[in-house]
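What follows is a short report on a single structure.
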Number of protein chains: 2
Amino acid sequence: MVKYTYMFGAGQTEGKSDMKNLLGGKGANLAEMANLNIPVPPGFTITTEACTHYLANKGLTDEMQTEILAAVEKLENATGKKLGDNADPLLVSVRSGARISMPGMMDTVLNLGLNDTSVEGLSSKTENPRFAYDCYRRFISMFSDVVLNIEFSKFEKALEAQKKKSGIESDTNLSVDDLKEIIAVSKKIVKDEKGFDFPQNPQEQLFMAINAVFDSWNSQRAITYRKINNIPGDWGTAVNVQSMVYGNMGEMSGTGVAFTRNPSTGENKFFGEYLINAQGEDVVAGIRTPSEISTLEAKIPDAYKQLIDICQTLEKHFKDMQDIEFTIEEGCLYMLQTRSGKRTAKSATTIAVEMVEEGLIDKKTAVMRVTPAQIDQLLHPMIDPKCEQKVIAKGLPASPGAAVGKVVFTPEDAEEMVEKGEKVILVRTETSPEDIGGMYVAEGVLTVRGGMTSHAAVVGRGMGKPCVVGCGDITISESEDKKFYVGDLTISEHDYITIDGSTGSVILGQMPLIPPEINEDIGMLLDWADEFRTLGVRANADNPEDAIKALELGAEGIGLCRTEHMFFEDDRIPVVRSMILSETKAEREKYLAELLPMQRKDFTEILRVMQGKPVTIRYLDPPLHEFLPKVFELKSHLEDLKNGSAALPQGITLEEETERIEKMIDRVVNLHELNPMLGHRGCRLGITYPEIYNMQTRAIIEAACSLHKEGIVVKPELMIPLVGHVRELEITKKDVDETAQKVMDECGVQIEYTVGTMIELPRATMTADQIARKADFFSFGTNDLTQTTFGFSRDDVAKFIPLYIEEGILPVDPFVAIDQEGVGELMKIGVKKGKSAKPDLKMGICGEHGGEPSSIRFAYSIGLNYVSCSPYRVPIARLTAAQASIENEK
Amino acid sequence: MVKYTYMFGAGQTEGKSDMKNLLGGKGANLAEMANLNIPVPPGFTITTEACTHYLANKGLTDEMQTEILAAVEKLENATGKKLGDNADPLLVSVRSGARISMPGMMDTVLNLGLNDTSVEGLSSKTENPRFAYDCYRRFISMFSDVVLNIEFSKFEKALEAQKKKSGIESDTNLSVDDLKEIIAVSKKIVKDEKGFDFPQNPQEQLFMAINAVFDSWNSQRAITYRKINNIPGDWGTAVNVQSMVYGNMGEMSGTGVAFTRNPSTGENKFFGEYLINAQGEDVVAGIRTPSEISTLEAKIPDAYKQLIDICQTLEKHFKDMQDIEFTIEEGCLYMLQTRSGKRTAKSATTIAVEMVEEGLIDKKTAVMRVTPAQIDQLLHPMIDPKCEQKVIAKGLPASPGAAVGKVVFTPEDAEEMVEKGEKVILVRTETSPEDIGGMYVAEGVLTVRGGMTSHAAVVGRGMGKPCVVGCGDITISESEDKKFYVGDLTISEHDYITIDGSTGSVILGQMPLIPPEINEDIGMLLDWADEFRTLGVRANADNPEDAIKALELGAEGIGLCRTEHMFFEDDRIPVVRSMILSETKAEREKYLAELLPMQRKDFTEILRVMQGKPVTIRYLDPPLHEFLPKVFELKSHLEDLKNGSAALPQGITLEEETERIEKMIDRVVNLHELNPMLGHRGCRLGITYPEIYNMQTRAIIEAACSLHKEGIVVKPELMIPLVGHVRELEITKKDVDETAQKVMDECGVQIEYTVGTMIELPRATMTADQIARKADFFSFGTNDLTQTTFGFSRDDVAKFIPLYIEEGILPVDPFVAIDQEGVGELMKIGVKKGKSAKPDLKMGICGEHGGEPSSIRFAYSIGLNYVSCSPYRVPIARLTAAQASIENEK
């Protein structure tokens, strides 16, 4: 026979703390406290199995009812009171308690067991009619609210009406008559709302409350919460039925909540608040202002001392900061709950590090105590949570942190304003590589279009710059007047806004920001993390500044150095364009020769910064038309030249310039692609224009050779993008090796380098064995792989991804966290095939997923060697990688 | 010890016809003829193994040389002559002979063994100095050409010079002195070109010739041919060394080639030609005009009769039409070669069918005798091969058949011209759904851009309309003057051109066309094919006309009925646009209600045509912006309205129309996608706008119910496109079922229908088990699956795919034939996972690959139930499917 109830307290405890799956968190810890001889009002827990049984049977079975009544009887024997006794009634609280705390579940009913008769018994027995009727009043309103689903405000109104009528302000001043009046009105509300009288039978009250808890497991809010947090629907919740103790029995009674350490700062100092002469919900309700916990010492010294002792016992026992609830009944302390306390990011690290120093926990435990999200939070400024926010629009939280600045609409305006010493937020429909300058100087970026891996999002995260993207709520004015609209609001250029890239909020005005708190504790914790992790952590960095930042934040190398960004710099883009517009290979090579020293300088600087550490450099990847202006821009420039509103370049006639621009228009039209993401890019460029890749090889190897001559160790890893067929790699690698050898011969130096490939197309995963034979390493490009696996364009998904997530079609944006069952399955096949051909093949991830915790865990689980992410996400990756290793050991 | 030589003829034959892999086709069949007691000049075959050994060793090993000389000795014994004998020299021919006939291989050296001395012996022995010196002259020029790589024209010039000098016209009139002069000049050419004298040692001549044959296996032309035809490089070629017989010994000598039946028509009548007093190459060289074979009877009756007998023997023996070569030496017939004869499509079917009727072969053999390409050829008009073609440009052969017409540049012009009774070729940069009307009336379509599955190609094949796409050689004038350019040529509107969609050629002027020859033989053959195949064959058809054509051509159902084409018809597109521009669901539903009766009519007609057979209807798939005009079109129309050059709609003011158009511009801009192929389309539309799919469901089910009431059996299969996640299918299927049930309740009829899904995204293949649980069928959309697996946009690949194929990166355009190792691997996983969840799940292909032979075989091999293709490719699919089954039995 299945056992559905477990007693706790009064020397008959049946559970313990490791039975959370069966008893829920609250129930298991109540039992554990009882086992530790900590005073806990006796009671019993109805198991989570009972809940699933209840839901399957659509009600309590006879068997369950019988067992619950038997548990009640045991409780009656333990307390010497009887449920429904008219003279000395047993009152109980009924509380839900799932494995983990979950919003949307029925919370608490206190004082259950009271009715019109027993309230008088309670009054006589306690010789405290005010107390008794106060309990009954509270019970009716709470029960009606959470069990009968009557709006709580109706009862509040009745209370307020009575207080007004009697001319009193505080609830504690209500007289017995006031309370009786309120009870009468409350009962009438129930009758009016439900058509039946407030239940008088305590057993019926109990079963109704238990049913309500079980039913609340499937409330819409609970279901939504479970979906978001990946909590299985079949866990169920437990119910805790516990004999009441009363904090509302006078000045030597009270109730409170506390933390064993400061949950905000982490300081090892008892922290909490309490109310004298009150029941639990009064602290939460905020009607009376609770007192700071230390003042309790003066009021009820013995109970306070006992509370401190118990807290120490609990912290030592659970080896973690505890969040507790207690009640003092006429000087006597009872513990109602203990659990690991929620804490801020800062306090989490401080507590973890200090507990190691105190010898309470070991380093591994400390590493497990801080979440990657907390680390992320610590590395970005945030809006002061004490300030009220006027959120005018919501977009996708693309790059965390908050930023304040004046609205500008073009990168040029951004740069101009910043030169004047202003702070700006760049607001764009979507960003393109040409906006980089403006993005770089802006405090933050807000775009109307684009998903979590749109250009703005990727570059924003790369720069550690707050970024809200895909904010379809706003409309940028099409005309020249530099405004944007949100509903009825018009925001003009130079108006202040604040964006929060951690939440996606756009706020009108300047919000005060709290700077990132990077402290020694975090450094210590991450050093410990490095001790435990086996997964390498690299950074994506395209320039020396990013590389320096990456090293600071603990990166072990560069996993992705994109070379295209280098092509957009002001002094290069004209040469790049001339190269693209060349009609012959010879002409193209002439312009490539001009680009060579510039690229060589790029690589020299990055390799110098990263000396001794590997640097993976990816060859040019985007389609060439990305480097050319848009047709309408060219046409309008041509108009301007013709009507004299734009100046001709020095020494060029209008005819010559017209011809040049018309040629460019032809080329742009010719290069136009319907789906550039699936177009002429990546190694397809390297194959059709080998001279471009050859120039890049030469630049890298020349840089490496000259550094080598200086005695600097260089480890360049050359990476071919978008390989779908092994022949593409063979052909490009052959060119790379030939050029590299030629350069090394010229320099008279031999350096070590490797040639690998991105695995970012489904076809590459399917033929990974063939590709592995020709590759020194694989780097999974999970962005592109996600695009092709789903058939999603990351630039266009904003039109339906939000709905998909809302409807639960996708649990999470696959551009944020790797879709393990689709994209991940392909990756697994790629890894397996790759290793089958080359068992020691080095493999990593360099997509945006490399800094996302669930994706990092996945990378670890499929046996990758490293992840690579934006520099600012390196600490997150270090921590997550360590956590994955530690979990795996278990 | 490996045996490298096999004797044939003279009673010592060692090989037979099933040893083609070792002896090559020619050698094996020479042996076989000897075995059949057919007169074959004795000789020996050096094996293909010898070739691979030679290539690996970079030369003939001593062992091989010894064995060859031993074979020569056997041949000397058999013929009673000795190689290099000055009095009665053994002369031999040396010919290559791979497993299958292959261009690029060294062809033939005749008369090997002659030198300055033995030529005199031959002269005395035969008492025919003219013959002897003619042989020597021929030998020097042939050997120099094929072994020494001296240009043959140099020797031809020497011959011509001598003829001119002696004042004679025909080679046969050359005197001995003339021939001696030519020999002297020829030898001098060799000395001048090579620096050494013409080899006089017959053994050296022989080894040089053998080496030349082996080397020719790796000639560039042979390598290219092998690559194109997927012939392994390690097969190697055999060499046949055969004692000479002489067709040039006078009027009772001759040589010829013949077919046992007419290779052009298939008629069972001996067919061929011959030359009296000539050696083999004279027939091919075309210097003298050969005579029709039947006239030989009068000239050398015994030999002719024997030839006829031998041909009958050979045909009965090989059970196929034979292509033979023979030589008559002084009245005595020798066979030099027999092989299966190449034949036209028409003759292939006729021969196959007649041979079954004659009892020579069975039906299965007949089905295997005709290639899918031959069937394809028969179903389209072709350019009369007798006429010279002035090919001005080459594009991709997107839809087979030839077409002649006047050039037009817009669909409107096409329709206008056709109304006037003209035939036109529509020339476009690329086509879009709005061009359909023009494409439909045109004879053929020529586009500058796009690949084998671009819009023009797909629609062209669907309509069975000749189509050349991606013809980058031509440039359409950007201005309004309606011209296109190819190199220096300018082709104006209304100039005639001819396009050949089977070859990709564009030809100036009107070429005469041969109509498709669909005859009873083909019908018979396809009926036999249906007996043997297990793979179902359906057609892709979007309208009743296509459905009727599909039935005619043997389709067993519709595998893909696209609904979007229906939306483009003139009476619908305004409603479709209003629907898309709707701002509320209610407004959208209003326009959908207008579309409902139109769609219902479409489905009613198609289901009526296909009664009793399944019809798979795909829900709306393309992104909505495809139905809207382009922004620049709208803007220019607005301009036109404002300046009065376009008329306002009846009763609408300029302000109203301006507002409407501006709204449309906004919506078009809003719907714009960077990569529409990966955008808001397929079931993503059905989920974001369920009302659209609901209207389509209603239309289908209403049509089905009303036909059902008429007593017509309907089998609608409803197909959800672009499913990547099982939830997408669940949600859309739920809507389908609800709407279908509602409609059936309204109609008071229950009909059977199924709901399945396209599998066209890598993610769908990875999660096919989950999807299978919710799907009644899978239809692999191999076009889209190829796009996402490779990361290729089919509209953009023309920029690099041609280079990829040229460089051998891809053996074939993956949009033409399924890429089995990438796309195919995903399909296999999809099939396996799908069957693991639902063992009897019905699966098919409905991409363009469904009509391509290698893809059909692949579909069969992975266990699909059917393929679906354009109606005009149904016969190809029927034949290929049968061939796959028959091969599998073996």
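Numbered from 1 within each chain, the chains take letters A, B, ... in sequence-line order. Bear in mind the structure is a predicted one, so any value in this text is a computation, not a measurement.
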> Looking at A:R727, A:R684, A:Q770, which makes the most heavy-atom pairs under 4.5 Å with chain B?
Replying inline: A:R684
>> Taking atom CD as the centre, does B:E659 end up with more than 12 heavy-atom neighbours from other residues, nucleotides or ligands that are less than 6.0 angstrom away?
In response: no
> Looking at A:G682, A:G679, A:G472, A:P676, which has the largest count of heavy-atom pairs under 4.5 Å with chain B?
Replying inline: A:P676
>> So which atom in B:G791 and which in A:T788 form the shortest heavy-atom distance, rounded to 0.1 Å?
In response: CA-CG2, 4.2 Å
>> Tell me every residue that passes ring pair (Phe, Tyr, Trp, His ring centres under 6.0 Å) with A:F792, counting only those two or more places apart in sequence or in another chain.
In response: A:F790, A:F800
>> Would you compute the distance between atom CD1 of B:I801 and atom NE2 of A:H680 and round it to the nearest 0.5 angstrom?
In response: 11.0 Å
>> For B:M766, run the side-chain contact (heavy atoms from CB on, under 4.5 Å) check against A:V823, A:L826, A:T765, A:D819 and tell me which one passes.
In response: A:L826
>> Please determine whether side-chain contact (heavy atoms from CB on, under 4.5 Å) holds for the pair A:L674 and B:E430, giving the CA-CA distance in whole Å, both sets of side-chain angles, and the decisive distance to 0.1 Å.
In response: CA-CA 11 Å; A:L674 288 177; B:E430 55 200 334; 4.2 Å; yes
> Around B:K774, counting heavy atoms of other residues, nucleotides and ligands shown, do more than 12 lie under 6.0 Å from its NZ?
Replying inline: no
>> Just verifying a value: how many Å separate B:H672 NE2 and A:R449 CZ, rounded to the nearest 0.5 Å?
In response: 7.0 Å
>> When you measure from the side chain of A:N675 to the backbone of B:S793, do you find a donor-acceptor pair of N or O atoms at a distance under 3.5 Å?
In response: no
>> I'd like to verify something: which residue of A:L761, A:V797, A:T688 has the highest number of heavy-atom pairs under 4.5 Å with chain B?
In response: A:L761
> Under a 4.5 Å heavy-atom cut-off, does chain B meet the side chain of A:V726, its backbone, both or neither?
Replying inline: neither
> Once you round to the nearest 0.5 Å, how far does CG of A:D796 lie from CG of B:L671?
Replying inline: 11.0 Å
>> Atom CD of residue position B:E821 - does it have more than 12 heavy atoms of other residues, nucleotides or ligands inside 6.0 Å?
In response: yes
> Checking A:L685 against chain B: side chain, backbone, both or neither under 4.5 Å from a heavy atom?
Replying inline: neither
>> If the condition is side-chain contact (heavy atoms from CB on, under 4.5 Å), which residues does A:K663 pass it with, not counting sequence neighbours?
In response: A:E583
>> So for B:I731, is it side chain, backbone, both, or neither that comes closer than 4.5 Å to the heavy atoms of chain A?
In response: side chain
> So which part of B:R681 gets closer than 4.5 Å to some heavy atom of chain A, the side chain, the backbone, both or neither?
Replying inline: neither
> From A:R794 CZ over to B:L678 CG, what is the distance, rounded to the nearest 0.5 angstrom?
Replying inline: 11.5 Å
>> Is B:H725 in contact with chain A via its backbone, its side chain, both, or neither, using a 4.5 Å heavy-atom distance?
In response: side chain
